[in-house]
S.K.: 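The structure's right below; bear with me while I get my questions together.
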Amino acid sequence: LIVVSTPPIRFRYYFGWKLAECSFISCGASYRAEKLKDNLVVPHWDFYNNAEVLGVEFAPNIRGMIAAWNCKTQSWLRE
């Protein structure tokens, strides 16, 4: 019963996090550039990625699920 009832609750959080991520991307706050050799700049738009949906839903173990859930808060607590 718990396995069936928890995904709709998680999807509400995913929607809010992805909506906030879209707003950060649209205003340019989520931009980070990675410089490679030969002065090539590779743009990335994932600086404020807060949840990895597929990493949570298809995690092989509980540690992988927790690592993919609320990523920015975990990195803030770690550092």
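Computed from a predicted model, the values in this text were never measured in an experiment.
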S.K.: Would you call the rings of Y14 and F11 parallel, tilted or perpendicular, taking 30° and 60° as the class edges?
M.R.: perpendicular

S.K.: Can you see which heavy atom on P8 is nearest to which on S5, and at what distance?
M.R.: CD-O, 3.5 Å

S.K.: Treating Ile, Leu, Val, Met, Phe, Trp and Tyr as nodes and any side-chain heavy-atom pair under 4.5 angstrom as an edge, say whether I25 and V41 lie in one connected cluster.
M.R.: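 Yes; tracing contacts between hydrophobic side chains, which count when under 4.5 Å, links both residues.
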
S.K.: At their closest point, which heavy atom of A59 faces which heavy atom of G64, and how far apart are they?
M.R.: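 Between these two residues, the closest heavy atoms are CB-C, 3.9 Å.
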
S.K.: Using a 3.5 Å distance criterion without hydrogens, assess whether the side chain of N50 forms a donor-acceptor pair with backbone atoms of W17.
M.R.: no

S.K.: Do you know which two heavy atoms are closest between N49 and K18, and how far apart they sit?
M.R.: OD1-NZ, 3.3 Å

S.K.: Kindly compute the distance separating CD1 (I66) from SG (C71), expressed to the nearest 0.5 Å.
M.R.: 12.0 Å

S.K.: May I ask you to decide if W69's main-chain N or O and E52's side chain share a donor-acceptor pair within less than 3.5 Å?
M.R.: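 Not a single qualifying donor-acceptor pair exists.
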
S.K.: CZ of R10 to CD of E57: how many Å apart, nearest 0.5 Å?
M.R.: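 R10 CZ to E57 CD: 4.0 Å, rounded to 0.5 Å.
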
S.K.: Would I62 and M65 count as a side chain to side chain contact (heavy atoms under 4.5 Å, CB included) if you check the C-alpha gap in whole Å, the side-chain angles of each, and the deciding distance to 0.1 Å?
M.R.: CA-CA 5 Å; I62 193 73; M65 182 179 174; 4.1 Å; yes

